[in-house]
Amino acid sequence: MKLHKRLMAAGMAAALMMTSAACSQSGETESTSNVLSQTSTEASSSSVASTEESGLFDENGKYLEPVKLTYSKVMYPGAKFPADQSPEDNYIHDFLKERYNIEMELAWSAESSEYNNKLSINIASGELCDLMYVDKYFTFRQMAENDLLADLTEIYPQYRGETLKLVDESFDNRNIEAVTIEGKQLAVPGSNLGYAQNLLWLRKDWMDNLGLDAPTTLDEIAEVLEAFVTQDPDGNGVDDTTGLVVHATQPVYGYSRDYGLESVFNVFDCYPRQWMTDEEGTVYYGSTDPNMKEALAVLADWYQRGLIDKQFPTRIGSGETEALWTSGTAGAKFGPWWAVQNDAFTNTPDIEYLALAVPLNDEGEFNYMTGSATEQMCVVSKDCEHPEAAVMALAANNEVVRGTYDPNDEIAAKYAAMRQEMVDNGEVDDSGGRSLNVLGALTFDYFDVVPKLGKCVKSNVDTGSYEEYEGMTDYDRSQCVAAKQFADGDKDSAAFWAYWTRYVGSAVVEEGNPVYAAYYYETESSTQLKATLDKLEDEMYLQIIVGEKPVEYFDEFVSQWKSLGGDTLTQEVQAIVDQG
C-alpha cells in the first residue's frame, strides 16, 4: 500500500532525544553504492532546468546573486582527507560556488551517535538550518506534521537534474511517495538499492559430488541438507560437514539478512517483522500471522534432524557464524546476492556455489519481501529563502562525486577530476569522502542496477562481450572484467567475489514475486516499545526452532506481543496508512 495535526516542537524534541540512533553507514562499498549507475553521456545532467527567464539565473543556470545555504552534517571519526580540505571548507563548496554561485555554510555537525540528539535540540530551539540530513523516517514525519518543511512538490522535479530523475524512475517514484504526505513532497529521498531479497546459496561442488539436483521446494531442500550432513559431500572420510547455517541471535530479520530464515516463512505467505495489510486494508504485524506456525514447525523439524547447524544459537561471538561458512565445512545458507565472503576463497580455492530463487510455494511461486524505497533523506526548512538551491546543491554534489555530471560541463569535470585525484593518491578514504560531501551519509542507488549489471556480467562471461546499459559506471565495467577473468581461470579474491555475486547471484534476483509492506518505518511509540517486543520475538524463534518450546507457544507469544505494546504500534501504523 502506498504512503500517500500538528505536534508541539518541544514534545517532538523530547521524543527525538530518546533516540540516539546511528546514521546509515552506506557509502561507497562493494555491495551498495559502488554499483550506482552513471547517466549516459548524451543525457544532460545539469541540476538546473531552463530557468533563465525567472531572473534568478544566467544562461548557464548560475545564480546572478550569491545564495547562501546553511546545513547540518554527520561526521565520521578518523576520517581521512587532505590538509587543505575540511568538512567546513572543501572542493564541493568551491564547486557549488563557482558553478552555481551557491555558498554552503556548515551550521552544525555531530557524530552519528549524537546526531539525532543535536537535531532535536535545534528543533526545540527553533534554530533550523536550511538543509538537514534526517536518518529516521518518523523524525521526518514529525517535522512534516509540525509544518517545519518546505514543499518541494514543484521544485524537486525541476531542479533534481538528470541523475536523480533516472534514480527516481528506477523506483517508479516509490521513493518519492515515501516522502510525500497529503500530496506534498517534503524531502529529497535517499534510495535503497533493490533486489536484496534472500536466495538459497548451496555448495555446487558438493551437489555435483553427490549427484544432487537443484531443489525447489522445502522438502527437496531438506533432502539436500540431509545429504550434506550424512553423505560426506567433501569426500574427506570425516563426519565434519554442516547443513544450513543460521544467524545466532536474530535468525529472522525481515529483509536482506545473511544467514536468515525469512524465505521459509515466505513459502507460507508470511512476512515476519513487516507491517502488512489484509484484503480489507487492516494493518497487522507479519510476525503474528497464524500461518507462521507452519514455517516454525518446518524449522523445528529441520533442527531436530540435524539439517540446521546444531550449534547456531551458541555462535554469538563476532564472526563466528560467518567463520562456519567461510571454513568450507557448511553447505547451505539463505542470503542476498552479495552474500559471498572472500575468506571462503582463501580457505577453499576450488569452492563452487549455486544461488537459487527458492523455496517455491505450493503454486510454484517464489514470494519475497521488497525493502523500503528509502530510509534516510534530506529536508529543507520551510524558512529557507531558496529551497530550489538546496535541491540543486544535493543533485550537483551527487553528480560530481559519482561521475554522472554532464560531460560538457567543464567546471563539474574539473572538480570531479580533483576528487578522483584525491582518491587515486590515497588522500581520502570512504569516511573522508562522506565527511566532505554535502550529502553526508545520504546516497542515491538505482533500484534495478543489480539485475542490469548481472546481465552484462553474464553476457561477458558467456560470450566475451556485453551491451552497456544507460548509466553504466567504470566500477560496473570492472565487475564484468573481473568475473570473466575468474571464469577464464585467472582467479583472485576480487574476481571470486565478482563472479559468484554478479554472474551467479545477480542472475536470479528477478525471479519470483515481490511483496511490498504497508509501512516500513517506526511510529511514535517505537522508541519505548520496540526493543522489548523485538527481544520477545527473537527469543520465540530460537526457543521454538531448537525445541525449548513447542510450536503452540507461538500463540502465547502473539498474546504477549499484543499486550506489551504491539496493539499500540499496530494502531499507530494503521493511522499512518489511513492518512496516506
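Computation of the quantities below employed the complete heavy-atom set of this structure, encompassing side-chain atoms and omitting hydrogens, waters and symmetry-equivalent molecules. Small disclaimer: the values here were computed from a predicted structure and weren't measured.
At a threshold of 4.0 Å, the pair Glu537-Arg273 counts as salt-bridged, since one of the basic side-chain nitrogens sits closer than that to a carboxylate oxygen. Ion pairing of Arg315 with Asp309 is present here, as a side-chain N (NZ or NE/NH1/NH2) and a carboxylate O approach within less than 4.0 Å.
Although no hydrogens or angles enter the test, the distance criterion places a donor-acceptor pair under 3.5 Å between the side chain of Asn192 and the main chain of Ser372. A side-chain donor-acceptor contact under 3.5 Å links Lys118 to the backbone of Ser109. When atom types are taken as modelled, the side chain of Gln274 and the backbone of Gly286 share no donor-acceptor pair closer than 3.5 angstrom. Panel note: side chain Glu262, backbone Gly254; a donor-acceptor pair is recorded below 3.5 Å.
In terms of heavy-atom proximity, Glu322 sits nearest to Tyr259 at CA-OH, 3.4 Å. The nearest pair of heavy atoms linking Ala150 to Ser381 is CB-O, 3.6 Å. A pairwise comparison of heavy atoms in Ala393 and Leu69 identifies CB-CD1, 4.3 Å as the closest pair. In terms of heavy-atom proximity, Ser170 sits nearest to Val167 at OG-O, 2.6 Å. For Tyr76 against Gly440, the heavy-atom pair with the smallest separation is OH-C, 3.9 Å.
A distance of 6.0 Å or more separates the ring centres of Phe140 and Tyr521. Checked against the 6.0 Å centroid threshold, Tyr115 and Trp108 count as a close aromatic pair. The distance between the ring centers of Tyr285 and Trp275 falls below 6.0 angstrom.
Side-chain contact annotation: Gln341 with Asp258, donor-acceptor N/O pair under 3.5 Å present. A donor-acceptor pair shorter than 3.5 Å cannot be found between the side chains of Asp445 and Ser191. Using modelled atom types and a 3.5 Å distance limit, the side chains of Asp168 and Asn173 yield no donor-acceptor pair. Side chains of Tyr137 and Asp135: no donor on one and acceptor on the other come within 3.5 Å.
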Take Asn266 and Gln197, measure what side chain to side chain contact (heavy atoms under 4.5 Å, CB included) needs, and give me the verdict at the end. CA-CA 11 Å; Asn266 296 166; Gln197 69 274 11; over 6 Å; no
Report the C-alpha distance between Leu261 and Leu244 in whole Å, list the side-chain angles of each, state the deciding distance to 0.1 Å, and finish with yes or no for side chain to side chain contact (heavy atoms under 4.5 Å, CB included). CA-CA 10 Å; Leu261 296 171; Leu244 185 67; 3.9 Å; yes
Begin with the C-alpha distance, continue with both residues' side-chain angles, and end with the deciding distance and a verdict on side chain to side chain contact (heavy atoms under 4.5 Å, CB included) for Arg160 and Ile176. CA-CA 12 Å; Arg160 64 184 169 181; Ile176 296 178; 4.1 Å; yes
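In this structure, CG in Leu529 is found 11.0 Å from CD in Glu522, a value given to the nearest 0.5 Å. Between the CG atom of Leu186 and the OG1 atom of Thr180 there is a distance of 7.0 Å, given to the nearest 0.5 Å.
Residue-environment remark: CD (Glu539) exceeds the threshold of 12 foreign heavy atoms within 6.0 Å. When the shell of 6.0 Å around CG of Asp278 is examined, it contains more than 12 heavy atoms from other residues, nucleotides or ligands. Surrounding OH of Tyr553 are more than 12 heavy atoms belonging to other residues, nucleotides or ligands, all under 6.0 Å away. Remark: Lys530 NZ is loosely packed, at most 12 non-hydrogen atoms of other residues, nucleotides or ligands lying under 6.0 Å away.
Judged as a ring pair (Phe, Tyr, Trp, His ring centres under 6.0 Å), and not counting sequence neighbours, the contacts of Phe171 are Phe447. Phe366 is linked by a ring pair (Phe, Tyr, Trp, His ring centres under 6.0 Å) to Tyr368, counting only residues two or more places apart in sequence or in another chain. For Lys549, there are no salt bridge (Lys or Arg N to Asp or Glu O under 4.0 Å) partners at least two apart in sequence or on another chain.
The salt bridge (Lys or Arg N to Asp or Glu O under 4.0 Å) with Lys382 is formed by just one residue from the set Asp130, Asp147, Asp151; it is Asp147.
For the pair Leu394 and Val438, the minimum side-chain heavy-atom distance is below 4.5 Å. Between Tyr519 and Thr277, every side-chain heavy-atom pair lies at or beyond the 4.5 Å cut-off. The shortest distance between side-chain heavy atoms of Lys562 and Thr570 does not fall below 4.5 Å. Two residues are said to be in side-chain contact when any heavy atoms from C-beta on lie closer than 4.5 Å; Trp337 and Val450 meet this criterion. Counting heavy atoms from C-beta outward, Val298 and Phe268 have side chains that approach closer than 4.5 Å. Residues Glu365 and Leu360 fail the side-chain proximity criterion, which asks for heavy atoms closer than 4.5 Å. In this structure, Tyr541 and His247 have side chains that are not in contact, with every pair of non-hydrogen atoms separated by 4.5 Å or more. The side-chain heavy atoms of Lys136 and Gln142, taken from C-beta on, include no pair separated by under 4.5 Å.
Within the cation-pi definition used here (under 6.0 Å to the ring centroid, within 45° of the axis), Arg402 does not qualify as a partner of Phe444.
A parallel orientation is assigned to the rings of Trp325 and Tyr353, their planes being inclined by less than 30° (bins at 30° and 60°).
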